[in-house]
Number of protein chains: 2
Amino acid sequence: MSNAKVLPLLEPDVVAACCPPLNERPMSADEAEVAAKMFKALGDPVRLRLFSAVASHEGGEACVCDISDVGVSQPTVSHHLKKLKEAGLLSSERRGTWVYYRVEPSVLAAMGALLAGAAKTA
Amino acid sequence: MSNAKVLPLLEPDVVAACCPPLNERPMSADEAEVAAKMFKALGDPVRLRLFSAVASHEGGEACVCDISDVGVSQPTVSHHLKKLKEAGLLSSERRGTWVYYRVEPSVLAAMGALLAGAAKTA
DNA sequence: CGTCTATGTTGACACACATCAAAACAAGAG
DNA sequence: CTCTTGTTTTGATGTGTGTCAACATAGACG
């Protein structure tokens, strides 16, 4: 498909602007590509568990060492965290020895609104 | 691996029961696998557009002929609609010559609640 | 019955992706 | 400086998946 796309990261602004309610009108190809990238990021069991582990930590913050019990090797965990970060769902911050990951509330709110709107289909 | 999983379809009951709020506690492997299947179904731009086209139709119902303008061949459209049906997001019904697809509100509500809960992370 | 339109299925292929082993990088401790 | 621990990157591999062409099925209409 010649995906010469330039958008490597999804920023909160882009995400918040990309999401018309799912049942308002048919999504355009561009909107769908942005939104699908977020859904795809959560479409893997390991990533979903990692994300849930971060979100359920106090303050929505957790270091990698706390959430590595998902049944895969540590490099794989790092790989998935990178994917989640690229999708704009997580943000990382190095604090001394450990790296802490944190959820991005605005992105989740946008996705939730997108689905909640569709659920209200008459 | 050895995904000898028996769950071919996602029923509304399963979906509604599978979804603890994303930030309540870390998801179990089983919960994540069910929820990830739904997210993965929406993780493709074509599927997301097809779903949006169905959801935005009156009554959340549309025949295939109305939503085939997504830039791919008709067999591909049929393939994606089948995937969405397997994920429990759509249901199909043959009415004479045309086949009508309809959204499954309960599944969407579950997904929306899952994300909306996570968005309220303190 | 025969044909035509509308959908779904099968087979095949290319690309993407999840996974791990091994190496590399970062930061603190001795 | 060296060693140890935590994290990421690289390389390779097997599996999954999106796509289409070709064929098959279902109903309508003459």
* Please list, chain by chain and in numerical order, all residues satisfying side-chain hydrogen bond (donor to acceptor under 3.5 Å, both in side chains) with A:Ser28, sequence neighbours excluded. => A:Glu31
* Structure fact -> So the salt bridge (charged side-chain N to carboxylate O under 4.0 Å, His left out) pairs with at least one residue in residues 88-103 of chain B (sequence neighbours excluded) are B:Glu61-B:Arg95, B:Glu93-B:Arg95
* **Contact under 4.0 Å: A:Thr97 side-chain N or O vs C:dA27 OP1/OP2** => no
* Excluding sequence neighbours, so at least two apart, what forms side-chain hydrogen bond (donor to acceptor under 3.5 Å, both in side chains) with A:Ser78? -> none
Check: protein-nucleotides 8-10 of chain D nitrogen or oxygen pairs below 3.5 Å:
unit_1: D:dT8; atom_1: OP1; unit_2: A:Tyr101; atom_2: OH; d: 2.7
unit_1: D:dT8; atom_1: OP2; unit_2: A:Ser78; atom_2: OG; d: 2.8
unit_1: D:dT8; atom_1: O5'; unit_2: A:Ser78; atom_2: OG; d: 3.1

* Presence of A:Lys40 side-chain N/O under 4.0 Å of C:dA16 phosphate oxygens OP1/OP2 -> no
* Asked: Over how many whole Å does the gap from B:Leu50 atom CG to C:dT7 atom C1' extend?
  -> 14 Å
* **CZ on B:Phe51 to OH on B:Tyr101, rounded to 0.5 Å** => 13.5 Å
* Does B:Leu114 reach the side chain of A:Leu115, with side-chain heavy atoms less than 4.5 Å apart? -> no
* To do: Step by step, work out the side chain to side chain contact (heavy atoms under 4.5 Å, CB included) result for B:Ser56 and A:Glu24.
  => CA-CA 5 Å; B:Ser56 62; A:Glu24 277 290 318; over 6 Å; no
* Asked: Taking for each residue the nucleotide of DNA chain C bearing the nearest heavy atom, is the 5' side occupied by B:Cys65 or by A:Gly96?
  -> B:Cys65
* If a pair satisfies salt bridge (charged side-chain N to carboxylate O under 4.0 Å, His left out) and one of its residues is in residues 39-53 of chain A, list it, with sequence neighbours excluded. => none
* Rounded interatomic separation in angstrom, taking CH2 from A:Trp98 and C1' from C:dA27 -> 10 Å
* Whole Å only: how far is the CG atom of B:Asp44 from the C1' atom of D:dG16? -> 13 Å
* Between P of D:dG6 and CG of A:Asp66, the distance in whole Å -> 11 Å
* To the nearest 0.5 Å, what is the distance between CE (B:Met38) and CG (B:Leu89)? -> 7.5 Å
* Structure fact -> Against the side chain of B:Val46, the closest entry in C:dT19, C:dT7, D:dT19 is D:dT19
* Asked: Does B:Lys83 make a side-chain N or O approach to OP1 or OP2 of D:dT17 shorter than 4.0 Å?
  -> no
* Which whole-number value in Å describes the distance from B:Arg95 CZ to D:dA28 C1'? -> 17 Å
* What is the bend of the helix from C:dC1-D:dG30 to C:dG30-D:dC1 when you compare the axis at one end with the axis at the other, using five pairs each and rounding to 10°? -> 10°
* Linked, directly or transitively: B:Tyr100 and B:Leu90 (ILVMFWY side chains, under 4.5 Å) -> no
* To do: State whether B:Arg47 places a side-chain N or O below 4.0 Å from either non-bridging phosphate oxygen (OP1 or OP2) of D:dG18.
  => yes
* To do: Provide, to the nearest angstrom, the distance between the NE2 atom belonging to A:His80 and the C1' atom belonging to C:dA16.
  => 14 Å
